[in-house]
Amino acid sequence: MKKIKIDALSQNITERTESDIKNNNISGASVSVISPDKTLFKAHFGTLSAEDKTPPNDSTLFRMASMTKPVTAVAVMTLYDKGLLEIDDPVEKYLPQFKNMYIAEMIDGKAEKVHKAQTALTVKHLLTHTSGLVSGSSGEFYANELSDEANKTLKDTVDYYSGTGLGFDPYTKNQYNATAALDVLARIAEVISGMNYADFVKKYVTDPCGMRDTVFAPDNGQWERIIPMHKKENGKSGVAEMKKGCLFGNVPVTHYLGGAGLISSLGDYTSFAQMLLNKGVINGNRVISERAVKLISTPQVPESIMPGNERWGLGVRVITSENYRFLPVGAFGWSGAYGTHFWIDPVNSIAAIYMKNSMFDGGSGAVTAANFEKDVFNSFEES
């Protein structure tokens, strides 16, 4: 285990972030780096937007987009811990409409079901982006055909997905699944628990972690605290308009979007990361078992399906090669389309969280995310 130099950590992150603000790559950002029992670095930078010069603070809320996925993975694993679900369970066990799924191909501009899938869809496939659900060219067709009516609630959307064809046989390929697979998982949680998904996550994940501002459906006060969406046009920062009543794209908050629907604060998501770093425990509360954390953070797909330096765990990516320069093998986490990013580093016993909201430079390939990893890496003492 390497030791972080706090002065170097502060300097690296501060200089980088202030440069990004100067170059209009961000308006504002919030950052924390923690060990299992204390905060090593925490800071808010810049302003809420080019129009609102108020600095972000502990109350500022961010659209988490796909950093919702690890929360959903933890929610699913609370069911695993209770013996109510196994990751290899077929989806049809809980949602019978997913029995006998078919493979679809594009024929004359439409998705057509051509033959029965050889493998039954499982919980594991949904958690590892290997399900084939709403994937490939046929998946694009089905996504475009999703009506506003079918997009209103989680149940409506999942019922629609059950009538689609798969883009490939489960566990034969890896294709990142933005929303559909995690929605099905969220619906499974509803069926097993008898609760709506927002209440389920609150009871079993966010409340035990002390995440009071992490919600799918903000109240009026929380809406007012969401940071404006940054955009960069002609080299200048501005504010991108977001669809009213939606936290992600055009999905209404009445649809508890399992893969992208949460807002959260820096402090809230830091608590979530600390729970994972502490192998399932936060503030004396055990949220999930150590075994569940191990399953989440262990590569669950073979290299033949996902070659490279990282593979999917359950709802997270896991670094699997020393060729990934800035994080060690075994580090795990994920990013959001609007620029949020986090990882857990069990080797060096730290977690790091970066929060911004921008239509410019988001997702797993965001430059700000890569630079954050680099700046933390360069803060370790040389061995």
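The residues of the chain are indexed from 1 along the displayed sequence.
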>> With ring pair (Phe, Tyr, Trp, His ring centres under 6.0 Å) as the test, pick out the partner of His125 among Phe98, Tyr171, Phe168.
In response: Tyr171

>> Tell me if the NZ atom of Lys173 is crowded by more than 12 foreign heavy atoms within 6.0 Å.
In response: no

> With a 3.5 Å cut-off and no angle check, do the side chains of Lys69 and Ser66 form a donor-acceptor pair?
Replying inline: yes

> Could you walk me through whether Asp52 and Thr47 pass the side chain to side chain contact (heavy atoms under 4.5 Å, CB included) check?
Replying inline: CA-CA 7 Å; Asp52 184 346; Thr47 63; over 6 Å; no

>> My understanding is that only one of Trp334, Phe332, Phe372 makes a ring pair (Phe, Tyr, Trp, His ring centres under 6.0 Å) with Trp343; could you say which?
In response: Phe372

>> If we count only N and O atoms by modelled type, under 3.5 Å, do the side chains of His341 and Ser335 hold a donor and an acceptor together?
In response: yes

> Do Phe200 and Glu190 come close enough that some side-chain heavy atom pair is under 4.5 Å?
Replying inline: no

> Can you check whether Gln175's main-chain N or O pairs, donor with acceptor, with Ser135's side chain at less than 3.5 Å?
Replying inline: no

> Closest heavy-atom contact between Ile296 and Val318?
Replying inline: O-CG2, 4.4 Å

> Minimum heavy-atom separation for Phe141 to Gly109, with atom names?
Replying inline: CE1-O, 3.7 Å

>> For Glu303 and Ile305: C-alpha separation, side-chain torsions, deciding distance, then whether side chain to side chain contact (heavy atoms under 4.5 Å, CB included) applies.
In response: CA-CA 5 Å; Glu303 190 173 8; Ile305 291 176; over 6 Å; no

> Is the number of heavy atoms from other residues, nucleotides or ligands under 6.0 Å of Lys232 NZ greater than 12?
Replying inline: yes

>> Show, in sequence, the C-alpha distance, side-chain angles and deciding distance for Lys116 and Asp169, and conclude whether the salt bridge (Lys or Arg N to Asp or Glu O under 4.0 Å) test is met.
In response: CA-CA 9 Å; Lys116 189 180 290 187; Asp169 267 294; over 6 Å; no

> So do the side chains of Ile188 and Val91 get within less than 4.5 Å of each other, counting heavy atoms only?
Replying inline: yes

> Judged by atom type as modelled, is there a donor-acceptor pair below 3.5 Å linking the side chain of Asn285 to the main-chain atoms of Val287?
Replying inline: no

>> For Lys5 and Glu381: C-alpha separation, side-chain torsions, deciding distance, then whether salt bridge (Lys or Arg N to Asp or Glu O under 4.0 Å) applies.
In response: CA-CA 6 Å; Lys5 296 179 288 184; Glu381 293 180 349; over 6 Å; no

> Does Leu126 reach the side chain of Leu182, with side-chain heavy atoms less than 4.5 Å apart?
Replying inline: no

> Does the pair Lys356 and Asp361 meet the rule for a salt bridge (Lys or Arg N to Asp or Glu O under 4.0 Å), with working shown?
Replying inline: CA-CA 10 Å; Lys356 74 171 187 183; Asp361 185 42; 3.2 Å; yes

>> Using a 6.0 Å cut-off, check whether atom NZ of Lys231 has over 12 heavy atoms from anything other than its own residue.
In response: yes

> Should Asp89 and Lys93 be marked as a salt bridge (Lys or Arg N to Asp or Glu O under 4.0 Å) after you check the CA-CA gap, both sets of side-chain angles, and the distance that decides it?
Replying inline: CA-CA 7 Å; Asp89 280 346; Lys93 178 178 179 180; 3.7 Å; yes

>> Under a 3.5 Å distance rule, please check whether His129 uses its side chain to pair with a backbone N or O of Asn174 as donor and acceptor.
In response: no

> Closest approach of Thr320 and Val329, non-hydrogen atoms and distance?
Replying inline: C-CG2, 3.9 Å

>> If we ignore hydrogens and angles and just use 3.5 Å, is the side chain of Asp213 paired with the main-chain N or O of Ser264 as donor and acceptor?
In response: no

>> I'd like to know if the side chain of Arg311 reaches the main chain of Pro299, judged simply by a donor and an acceptor atom lying under 3.5 Å from each other, with no hydrogens or angles considered.
In response: no

> Looking only at heavy atoms, which two atoms of Val134 and Gly139 are closest? And how far apart?
Replying inline: CG1-O, 3.3 Å

>> For the CZ atom on Arg286, are there more than 12 heavy atoms of other groups (residues, nucleotides or ligands in this structure) within a distance under 6.0 Å?
In response: yes

> Heavy-atom count around Asp37 CG within 6.0 Å, excluding the residue itself: above 12?
Replying inline: yes

> Checking side chain to side chain contact (heavy atoms under 4.5 Å, CB included) for the pair Asp156/Glu149: CA distance, chi angles, key distance, verdict?
Replying inline: CA-CA 8 Å; Asp156 292 337; Glu149 191 66 26; 5.6 Å; no

>> Is there a path of hydrophobic side-chain contacts, each under 4.5 Å between heavy atoms, that joins Tyr324 and Phe380?
In response: yes

>> Between Asp148 and Asn151, is there a side-chain donor-acceptor contact under 3.5 Å, judged purely by atom types and distance?
In response: no

> With the 4.5 Å side-chain cut-off for hydrophobic clustering, are Val76 and Leu314 part of the same group?
Replying inline: yes

>> Could you check whether any side-chain N or O of Lys53 sits under 3.5 Å from a backbone N or O of Ala50, counting only pairs where one atom can act as donor and the other as acceptor?
In response: yes

>> Checking the side chain of Asn278 only, and the main-chain atoms of Pro36 only, is there a donor and an acceptor separated by less than 3.5 Å?
In response: yes

> Would you call Leu295 and Tyr80 a side-chain contact if the rule is heavy atoms closer than 4.5 Å?
Replying inline: yes

> Should the pair Asp183-Lys155 be classified as a salt bridge under the 4.0 Å nitrogen-to-oxygen rule?
Replying inline: no

>> Using the rule given for side chain to side chain donor-acceptor pair (under 3.5 Å), can you reason through Thr122 versus Asp88, listing the C-alpha separation, both sets of side-chain angles and the distance that settles it, and then say yes or no?
In response: CA-CA 6 Å; Thr122 69; Asp88 289 321; 5.1 Å; no

> Would you say the side chain of Thr214 lies within less than 4.5 Å of the side chain of Phe272, judging by non-hydrogen atoms?
Replying inline: no

> Would you call the rings of Tyr160 and Tyr142 parallel, tilted or perpendicular if under 30° counts as parallel and over 60° as perpendicular?
Replying inline: perpendicular

> Thr68 side chain to Leu262 main-chain N or O, any donor-acceptor pair under 3.5 Å?
Replying inline: yes

> Does one hydrophobic cluster hold both Ile263 and Trp223, with members joined at side-chain heavy-atom distances below 4.5 Å?
Replying inline: yes

> Are Phe45 and Ser30 close enough that some pair of their side-chain heavy atoms sits under 4.5 Å apart?
Replying inline: no

> Does Val316 share a hydrophobic cluster with Val123, counting links as ILVMFWY side-chain heavy atoms below 4.5 Å and allowing steps through other members?
Replying inline: yes

> Is the distance between the ring centroids of Phe377 and Phe326 under 6.0 Å?
Replying inline: yes

> With the 4.5 Å side-chain cut-off for hydrophobic clustering, are Leu127 and Ile319 part of the same group?
Replying inline: no

>> Does any part of the side chain of Leu166, heavy atoms only, come nearer than 4.5 Å to the side chain of Leu133, both counted from C-beta?
In response: yes

>> Has Lys203 got a side-chain atom pairing as donor or acceptor with Pro208's backbone, closer than 3.5 angstrom?
In response: no

> Can you name the nearest heavy-atom pair linking Ile288 to Met275, along with the distance?
Replying inline: CG1-SD, 4.2 Å

> Between Phe216 and Tyr197, is the ring centre distance below 6.0 Å?
Replying inline: yes

>> Side chains of Thr270 and Ser32: any donor to acceptor distance under 3.5 Å?
In response: yes

> Less than 4.5 Å apart, any side-chain heavy atom of Ser237 and any of His230?
Replying inline: yes

>> Centre-to-centre under 6.0 Å for Phe342 and Tyr354, is that the case here?
In response: no

>> Can a side-chain donor-acceptor contact be found between Asn378 and Asp375 if the only test is distance below 3.5 angstrom?
In response: no

>> Between Ser10 (side chain only) and Ile6 (backbone N and O only), is there a donor and an acceptor less than 3.5 Å apart?
In response: no

> Yes or no on side chain to side chain contact (heavy atoms under 4.5 Å, CB included) for Thr60 and His44, after CA distance, side-chain angles and deciding distance?
Replying inline: CA-CA 10 Å; Thr60 302; His44 305 285; 5.9 Å; no

>> Restricting to non-hydrogen atoms, name the atom on Ser35 and the atom on Leu40 that form the minimum distance, rounded to 0.1 Å.
In response: N-CG, 3.9 Å

